[in-house]
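These values consider heavy atoms only, across backbone and side chains, with no hydrogens, waters or symmetry-generated copies.
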Amino acid sequence: MLHILSNMKPRDRWLALVCLLLVCGQVYFDLRLPDYTAEITVLISSEVTELSEYYSAGAKMLGCALCSALMTVIVGYFAARIASDFSFDVRAKLFNKVSALGAGEIKKFSTASLITRTTNDITQIQMLIAMGLQMMLRAPIMAIWAIIKIIGKSWQLSVVVAAAVVIVVTSMVILLAVMIPKFRIVQKQVDGVNRITQENLNGIRVVRAFNAEKYQEEKFDGANTSLMKTQLFTGRGMAVLSPIMMFVQSCVSVGIYYVGARLINNINVPLNGTVSEMMLAVSDRATMLGEVVSFSSYALYVIMSFVMLLMIFMMLPRAQVSANRINEVIDCDIAVQEGTETKATESGTVEFKDVSFRYPDASEDCLKHVSFQAKKGETVAFIGATGSGKSTLAGLVARLYDATSGKVLVDGKEVSGYSFETLYNKIGYIPQKATLFADTVEGNISFGKSAQKVTTDDVERALDIAQASDFVHAMDDGLQSHISQSGSNVSGGQKQRLAIARTIARKPEILIFDDSFSALDYKTDRVLRQRIKTDLKGTTCLIVAQRIGTIRHADRIVVLDNGAVAGIGTHEELMKNCEVYKQIALSQLSADELAANA
């Protein structure tokens with residue numbers, strides 16, 4: 001918690017100091033009210049009192065109340081401002097950190113958990129700051145000041161207040177001991193609810209296809225019920241607090257007035273004494289009555305202070321859990337660090353030199369001593385069984401990960417040395433799963449920042465090469481047609497072609513297709529690759545694919561088997577010399593088809 005609060009802006013720290021001073025002033029004026037109440041009580045008991053004296057005391061009470069109210073409003077405004085500024089900064093910092101995380105780090109946190117940390121967890125801290133600046137500052141100041149006020153007035157009345165404080169503190173300790181463990185699991189249960197909701201929304205087609213609506217409902221109901229029970233438990237604990245505090249306050253008031261009545265009764269009025277003696281005794285009784293009235297108010301202030309502290313203590317454990325969860329993300333070490341290099345000695349080349357890679361916490365390498373070279377304008381393809389490391393290899397070029405050993409070179413320099421902007425201006429990466437944003441077609445194609453500004457002509461050209469022009473211009477608004485979030489209003493093949501067009505529009509030196517043709521039909525696949533070859537001469541292409549037809553005309557094919565290179569060559573060379581490639585080819589096409597296609 002302190003680690004997060006240390007990020008508070010200097011301006012907000014000054015506002016917090018102003019809040020502290022205002023709270024002190026607020027407490028001062030609040031604690032002046034019982035003094036004026038006692039004064040009025042004494043005036044009422046006096047036989048010779050001018051009406052102006054009542055007006056004077058009442059005016060002072062009204063002035064104190066108005067000053068306290070004004071300061072309360074100002075403190076509330078500043079507290080809300082500080083809390084909202086703080087949550088804004090932390091949320092921005094958290095978002096930027098998540099955006100900077102590499103593929104290895106992002107797997108440590110689920111999407112649902114990151115959403116909860118960015119929203120609900122920050123809200124918990126925001127509430128604590130907003131209420132803390134009002135209650136956490138006010139409660140101890142008021143309690144200490146009120147206790148100082150009543151010390152030395154009457155030990156009998158002090159005993160009543162002390163007993164009430166002991167009861168309140170004991171109740172607080174017991175309640176916190178029971179409820180803190182529950183607060184520690186609430187946020188994880190919120191993660192679970194978010195995760196199931198997200199899975200259900202993302203996989204709605206699968207859920208319906210398998211008639212799993214009832215199963216998903218029961219799954220959600222289980223997580224939701226667990227969260228509800230935990231929240232009910234904490235809510236009931238808070239509900240118990242209110243009647244306990246009201247009972248203690250009532251008992252304190254009764255106890256103070258009972259003890260006060262006994263003390264007043266012990267002041268004897270001598271009926272046979274002189275007039276001055278009788279008047280003195282009556283005055284003493286009136287003074288004691290005023291002290292009892294003011295003592296009662298001070299006692300209630302003390303108890304109210306502990307109640308406010310309890311409310312903060314109830315929020316603090318949950319906010320602490322939220323702060324720890326936020327710090328887990330903010331303090332997460334990023335394995336892929338940005339370099340500083342902005343220039344290269346070559347153009348459009350990719351080379352792997354004895355590269356091995358192991359995922360974090362994995363027991364063995366998924367890529368083993370891979371070496372190959374792609375020259376400018378060449379097409380190098382990668383094929384192999386599922387899990388052989390093809391996508392991992394493509395990810396190393398795009399620097400989603402850093403190689404465990406060996407060197408990955410782009411344009412003659414290691415990828416780890418480039419700044420991210422420089423590297424991604426050179427590389428166009430199309431992942432297996434196409435991602436579109438809620439925007440127009442043109443907005444999606446010209447998305448992001450590139451070395452050259454993407455014009456409307458570039459968008460049209462990229463759509464034409466990617467075989468997407470026909471269906472885009474068939475839409476009602478053409479390039480200005482709206483694309484829904486995740487591209488839910490276009491088919492899988494259309495989404496994939498738009499993703500390819502987005503990358504082509506950037507005019508990168510190197511295109512990386514990570515199984516990006518799998519959603520396309522054979523004709524579109526063939527025509528698209530032909531257009532890339534003719535229209536993008538000089539562009540280096542790295543193609544990860546499962547289909548022989550997609551890669552057979554590549555300048556070089558790298559065959560992977562369990563992370564190791566089983567063969568490198570053209571289609572014809574590999575059919576003769578590489579048994580792994582031959583088996584893959586024959587599993588897709590017959591020998592006659594391969595011969596006919598050749």
Side-chain angles (χ1 to χ4, degrees), residues 92-93 95-106 332-357 367 370-380 391-431 435 437 443-455 457-459 461-462 499-514 516 532 536-544:
K93 186 173 183 179
F95 179 84
N96 292 334
K97 184 59 181 278
V98 172
S99 300
L101 292 176
E105 294 83 29
I106 205 72
C332 179
D333 293 328
I334 299 177
V336 179
Q337 296 292 335
E338 184 174 11
T340 58
E341 193 66 59
T342 58
K343 296 181 180 180
T345 56
E346 301 175 4
S347 176
T349 63
V350 177
E351 184 177 3
F352 273 50
K353 291 185 176 181
D354 195 31
V355 172
S356 297
F357 176 75
L367 285 178
V370 176
S371 297
F372 71 89
Q373 185 177 15
K375 298 179 181 178
K376 181 178 177 62
E378 287 187 339
T379 297
V380 177
S391 293
T392 302
L393 187 147
L396 290 176
V397 181
R399 218 182 161 211
L400 302 181
Y401 308 93
D402 276 338
T404 305
S405 62
K407 294 181 179 181
V408 179
L409 306 177
V410 170
D411 290 352
K413 292 188 177 182
E414 287 193 61
V415 290
S416 58
Y418 287 112
S419 67
F420 289 145
E421 183 176 352
T422 301
L423 179 63
Y424 296 130
N425 280 335
K426 294 176 176 292
I427 291 175
Y429 177 69
I430 305 101
T435 301
F437 301 91
N444 270 281
I445 303 303
S446 59
F447 177 79
K449 179 183 177 183
S450 58
Q452 304 176 37
K453 184 179 179 180
V454 178
T455 64
D457 291 339
D458 294 330
V459 172
R461 175 175 176 270
I500 293 172
R502 178 172 58 200
T503 304
I504 292 175
R506 293 170 56 86
K507 301 177 183 177
E509 299 175 8
I510 302 164
L511 282 172
I512 304 174
F513 298 93
D514 186 3
S516 308
I532 290 174
L536 301 179
K537 289 183 178 179
T539 300
T540 306
C541 293
L542 304 181
I543 302 176
V544 172

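The 12-atom threshold is exceeded at CZ of F437, counting heavy atoms of other residues, nucleotides or ligands nearer than 6.0 Å. The neighbour count for K407 NZ, taken as heavy atoms of other residues, nucleotides or ligands under 6.0 Å away, does not exceed 12. Within 6.0 Å of CD in Q337 there are more than 12 heavy atoms belonging to other residues, nucleotides or ligands.
At least one side-chain heavy atom of L409 sits less than 4.5 Å from a side-chain heavy atom of K353. Contact of the I427 side chain with the P508 side chain is not registered, since no non-hydrogen atoms from C-beta on lie closer than 4.5 Å. Side-chain contact between N444 and R502 is present, with at least one heavy-atom pair separated by less than 4.5 Å.
Between the side chains of D458 and T455, at least one donor N or O lies within less than 3.5 Å of an accepting N or O.
A donor-acceptor pair under 3.5 Å is absent between the side-chain atoms of Y401 and the main chain of F357, judged by distance alone. The main-chain N or O of S347 is never found under 3.5 Å from a side-chain atom of T349 such that the two would form a donor-acceptor pair. In this structure, the side chain of E338 engages the main chain of F420 through a donor-acceptor pair within 3.5 Å. The closest donor-acceptor contact from the side chain of R506 to the backbone of Y424 lies under 3.5 Å.
Taking every heavy atom of both residues into account, I532 and C541 meet most closely at CG2-SG, 3.8 Å.
The side chain to side chain contact (heavy atoms under 4.5 Å, CB included) with L542 is formed by just one residue from the set V397, T379, L511; it is V397. Remark: of the listed residues K376, K426, K343, K426 is the sole one forming a side chain to side chain donor-acceptor pair (under 3.5 Å) with D411.
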